[in-house]
Chemist: 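What follows is a single structure, and I will ask about it in a moment.
Below, chains carry the letters A, B, ... as their sequence lines are ordered, and counting in each starts from 1. Quick note: numbers below take in every heavy atom, side chains included, and nothing from hydrogens, waters or symmetry partners. Here the structure is a predicted model, which is why all the values come from computation and not from measurement.
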Amino acid sequence: DRLFNTLVLSYARAGLLQQSLKTFHKMKEFGVPRSVFSYNTVFSILLRRGRTQMVSKLYHDMRLTDRITPDVYTFNILIRGFCLNSMVDEGFRFFKEMSRFRCCPDVVTYNTLVDGLCRAGKVRIAHNLLKGMRTKSPDLSPNVVTYTTLIRGYCEKQLVSEALDVFKEMGSRGVKPNPITYNTLIQGLCEARELDKIKEILQGVHDNGEFRPDTCTFNTLMTTHCNAGKLDEAMKMFDKMSELKVEPDSATYSILIRSLCQEGNFERAEELFDELEEKKILRRKEGCVPLVAGYNPIFEYLCAGGKTVKAERVFRQLLKRGTQDPPTFKTLILGHCKEDTLREGHEILVLMLRRDFVPDMETYDSLIEGFLRKREPGFAHNTLEKMLRSGHLPK
RNA sequence: CGCUUCAUUAUACUA
């Protein structure tokens, strides 16, 4: 059971959803009964991809076919999943259903609901829910996550002073803010253009050593500067990071590279891109999960300028850990076509198909035309067949 | 008991 769960999860994390589901369905064939764990795992995977209808179906299978009793985890996963897919009411339905299974909501349950309400823009209701938590039981007292969630809720509604009130309130109730709380607040203040307030707060916590700006803090501030067209300020912050020995991560580089590309400073962008590869930033486990799409501008520049090989090196690093983005595959494939390195392009096509992405007509056309031009009818034919399987009709 | 669940920063899509 455990082996299967790990497998199911790893496939999903690698972006191979079909493989992951296949594994889940094969459990029975191997004589391994599905457990709450396996259902929970698969629910969480599907909901992350927005497959709510499939989850509802499986939930029935779970109860009626396999006769498995859901646990708190199950409900937390379901509530979160439906809330995130803008079905907050459905989330509350599951919340009410918990009692039928003698299942007690925990802090995570409430936090999830608070989050769902905030994302739906119902901050006041969320705030009331938080107040209600205190009266229920000591185990259900709002914790740092609850408060941070609410702070973000207020910030998103541009209600900065309410956010600051919540921040003060948590302090007075003895809940210590953590780095995420500070970063949330800073993000909110950035959006409200209250940069002075940020300085004030950072100064205050710096003096008593409660919070040191981390990678995320810098990324937030650099993004704000970039969006305000102050790339030079952002670059200064980047220098300051190394001064303070705060490690940059993938987000740091994609922010700067992107802005440099937008300004047309491709040389500097490429330098940072090289640094990204040299420092093996993308191989590190710590830091954020790299976002492939964040590098699209530089990929486009490189692939248009005969440097597809360099782009592909980084792209392959990103494939291992990053979240996937179909258009990036296309950029690389077209780059290879342009450089007549068609087999490499074809390899990327295969990678794409393995991830269930559907290449578009233009992608197929360029490859097939390229193969014909280079007198490789075998490959051309092979690619054509893939195209038909993708549901494209040849012109 | 372990594997599954909650809050912060970077992309595009969508609006």
Chemist: A:Asp106 CG to B:U5 P: how many Å, rounded?
Modeler: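 A:Asp106 atom CG is separated from B:U5 atom P by 13 Å.
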Chemist: Please report the closest heavy-atom contact between A:Pro33 and A:Asp1, naming both atoms and the distance.
Modeler: O-OD1, 4.4 Å
Chemist: I need the minimum non-hydrogen distance between A:Met170 and A:Phe167, along with the two atoms involved.
Modeler: CG-O, 3.1 Å
Chemist: Apart from A:Leu7 itself, which Ile, Leu, Val, Met, Phe, Trp or Tyr residues share its cluster (side-chain heavy atoms under 4.5 Å, direct or through members)?
Modeler: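 A:Tyr11, A:Leu16, all in the cluster of A:Leu7.
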Chemist: If the cut-off is 4.0 Å, is A:Arg80 near the phosphate of B:A7, judged by side-chain N/O to OP1 or OP2?
Modeler: yes
Chemist: Rounded to the nearest angstrom, tell me the gap between atom CG in A:Asp71 and atom C1' in B:U4.
Modeler: 9 Å
Chemist: At their closest point, which heavy atom of A:Ser38 faces which heavy atom of A:Phe24, and how far apart are they?
Modeler: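 Looking at all heavy atoms of both residues, the closest pair is O-CE1, 3.8 Å.
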Chemist: Return the value, rounded to whole Å, for the distance between atom CZ of A:Arg2 and atom P of B:U4.
Modeler: 9 Å
Chemist: Honestly, is A:Arg258 close enough over A:Tyr295, meaning NZ or CZ under 6.0 Å from the six-membered ring centre and within 45° of the axis?
Modeler: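 No.
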Chemist: How close do A:His346 and A:Leu367 get, heavy atom to heavy atom, and via which atoms?
Modeler: N-CD2, 4.0 Å
Chemist: How many Å lie between CZ on A:Phe24 and C1' on B:U4, as a whole number?
Modeler: 12 Å
Chemist: Could you give the CG-to-P distance, from A:Leu84 to B:U5, as a whole number of Å?
Modeler: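 Going from CG in A:Leu84 over to P in B:U5 covers 13 Å.
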Chemist: Rounded to whole Å, how long is the line connecting atom OH of A:Tyr147 with atom P of B:A7?
Modeler: 18 Å
Chemist: Should A:Arg48 be listed as having a side-chain N or O under 4.0 Å from OP1 or OP2 of B:U5?
Modeler: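 So the side chain of A:Arg48 is within the cut-off, an N or O lying under 4.0 Å from OP1 or OP2 of B:U5.
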Chemist: What one-letter contact string describes nucleotides 8-15 of chain B from 5' to 3', where B marks a base within less than 4.0 Å of any protein heavy atom, S marks contact via sugar-phosphate atoms alone, and - marks no contact?
Modeler: BBBBS---
